[in-house]
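Here's the structure we're looking at; comments come further down.
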Amino acid sequence: MIIFKHAQSLAKHILTLHEKGQTIGFVPTMGALHNGHLSLINQSRTTCSSTVCSIFINPTQFNDPKDFEKYPVTIENDILLLERAGTDILFLPSVAEIYPAGLTSPIHYELGYLENILEGFYRPGHFQGVCQVVHTLLKIVVPDYIFLGQKDYQQCMVIQKLISLFSLPVILKPGDTLREADGLAMSSRNLRLSPASRQKAVAVYQALNYIKMHIKTTDIQQLKQDAIQIIEQAGFNKIDYVEICDAATLLPVEEAGNGKPLVVLAAAFLDGVRLIDNIIIA
Ligand code: PAJ
């Protein structure tokens, strides 16, 4: 695996790969890697001739400075995992490398309602920061494919919107959510949970599954209340949302059963750690 710290040298190297007719797959991450990230690396390896992973904890997407400060860093282990997974290139830039002119974005991304619902509503500015960094990374890496996890369902939709807004020549490939044995969605933030909280954390997935199991027979409002109760009873301190949405638009549905795929999403805090998850009901 070749590690690049500078955008210019990486871009030059990638140009030579493109000239050789290679296809480039890109997996952007913020590190503290787990099997969810590695599943995206694997998908890229089976689709593309070269796989580029980036590790960059992007300051502009953190609406909560404490969350940024506490974001887990496990770089040595990350490098080992990426090597073992057969990653070709790791891009490991500094903040100055990505934002030489400062953190303020010269571009406002017109994301429409996607920016104001769910994650966008509870994390103001978050998706502008995500677009700012992914747009910059895409300009450096110029991949044929970008691999993103559906664990961040709304993020996938936002990046698809970014690709359309700028007619970027890249194809987005969404990947399934990888889970721990008890069902908890793998997440870098799980590292911040105490052993006791780790036991409780699975309640979000259980609540989403409860909705999936009862969607055909129970009223939507009732389902959401029941799911909130499951999460609260497990000991979560604060719930941002539990929502049942049209999987194509992410707009909330008033009733199920018209045959359209749905996505059930939740975000909640456990001991100061914000966890998100979703499941698709096809
Ligand atoms: P990060 O949280 O590190 O996630 C990197 C990628 O891994 C994202 O596409 C995310 O959806 C995916 N991922 C996370 N948990 C997963 C799981 N359990 N199963 C499958 N895939 C999973 O998302 C970001 O970083 C950043 O916002 C980024 C896109 C890198 C921009 O800074």
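Order of listing sets the numbers, starting from 1, for every ligand and every atom in it.
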Next item on the list: Please name the residue in the list Asn58, Thr136, Thr104 that meets the side chain to side chain donor-acceptor pair (under 3.5 Å) test with Tyr99.
Entry: Asn58
Notebook entry, point to check: Under the salt bridge (charged side-chain N to carboxylate O under 4.0 Å, His left out) criterion, do Asp226 and Lys224 qualify, and how do the steps go?
Noted result: CA-CA 5 Å; Asp226 293 348; Lys224 285 200 265 186; over 6 Å; no
Check: When you look for heavy atoms under 4.0 Å from ligand 1, do you find them on the side chain of Val27, its backbone, both, or neither?
Finding: neither
Check: Does a side chain donor of either Thr51 or Thr87 reach within less than 3.5 Å of an acceptor in the other side chain?
Finding: no
Notebook entry, point to check: Which of the atoms in ligand 1, numbered in the order shown and given with their element, are less than 4.0 Å from a heavy-atom of Val133?
Noted result: 31 (C), 32 (O)
Next item on the list: May I ask you to test the Leu265-Ile244 pair for a side-chain heavy-atom distance under 4.5 Å?
Entry: no
Notebook entry, point to check: With atoms numbered from 1 as shown, which atoms in ligand 1 lie under 4.0 angstrom from a non-hydrogen atom of Gly36?
Noted result: 17 (C), 19 (N), 20 (C), 21 (N)
Margin query: Just verifying a value: how many Å separate Ile171 CD1 and Lys173 NZ, rounded to the nearest 0.5 Å?
Written below: 6.5 Å
Note to self: Just checking Tyr122 against Tyr241, ring centres under 6.0 Å apart?
What the structure shows: yes
Check: For atom 5 (C) of ligand 1, which protein heavy atom lies nearest, and how many Å away is it?
Finding: Pro28 O, 3.3 Å
Notebook entry, point to check: Does ligand 1 have an atom under 4.0 Å from some heavy atom of Ile159?
Noted result: no
Notebook entry, point to check: Does the side chain of Asp271 pick up a donor-acceptor pair with the side chain of Ser197 at under 3.5 Å?
Noted result: yes
Check: What is the nearest protein non-hydrogen atom to atom 20 (C) of ligand 1, stated with its residue, atom name and distance?
Finding: Asp176 O, 3.3 Å
Margin query: Assess the residue pair Phe62 and His126 against the criterion (ring pair (Phe, Tyr, Trp, His ring centres under 6.0 Å)); give the C-alpha distance rounded to whole Å, side-chain angles, the decisive distance to 0.1 Å, and a yes or no.
Written below: CA-CA 6 Å; Phe62 285 83; His126 169 65; 7.9 Å; no
Next item on the list: Consider every N or O of Phe147 and every N or O of ligand 1, then say whether any pair is closer than 3.5 Å.
Entry: no
Margin query: Please list the nearest protein heavy atom to atom 10 (C) of ligand 1 with its residue and the distance rounded to 0.1 Å.
Written below: Asp152 OD2, 3.1 Å
Note to self: Return the closest protein heavy atom for atom 19 (N) of ligand 1 as residue, atom name and distance.
What the structure shows: Leu178 N, 2.8 Å
Next item on the list: Using distance alone, with no hydrogens and no angle criterion, decide if Glu97 and His6 have a side-chain donor and acceptor under 3.5 Å apart.
Entry: yes
Item checked: Heavy-atom nearest neighbour in the protein, as seen from atom 2 (O) of ligand 1, with distance rounded to 0.1 Å -> Tyr71 OH, 3.9 Å
Margin query: Is a donor from one side chain sitting under 3.5 angstrom from an acceptor on the other, for Gln150 and Thr177?
Written below: no
Check: Just checking, is any N or O donor in the side chain of Tyr71 or Asp67 under 3.5 Å from an acceptor N or O on the other one?
Finding: no
Note to self: Quick test: of every protein heavy atom, which one is nearest to atom 4 (O) of ligand 1, and how far off is it to 0.1 Å?
What the structure shows: His37 NE2, 3.5 Å
Next item on the list: With heavy atoms under 4.0 Å as the rule, classify the contact between His34 and ligand 1 as side chain, backbone, both or neither.
Entry: side chain
Next item on the list: Specify the protein heavy atom at minimum distance from atom 12 (C) of ligand 1: its residue, its atom name, and the distance to 0.1 Å.
Entry: Leu40 CD1, 3.7 Å
Checklist line | Option whose closest heavy atom lies nearest to atom 8 (C) of ligand 1, chosen from Ala32, Gly149, Cys53 | finding: Gly149
Check: By number and element, which atoms of ligand 1 are closer than 4.0 Å to a non-hydrogen atom of Thr29?
Finding: 3 (O), 5 (C), 30 (C)
Item checked: For Thr177, the ligand 1 atoms whose distance to one of its heavy atoms is below 4.0 Å -> 18 (N), 19 (N), 20 (C)
Next item on the list: Pick, from Arg189, Gln155, Gln61, Met186, the option with the minimum heavy-atom distance to atom 32 (O) of ligand 1.
Entry: Gln61
Check: Relative to ligand 1, is Leu148 under 4.0 angstrom through side chain, backbone, both or neither, heavy atoms considered?
Finding: both
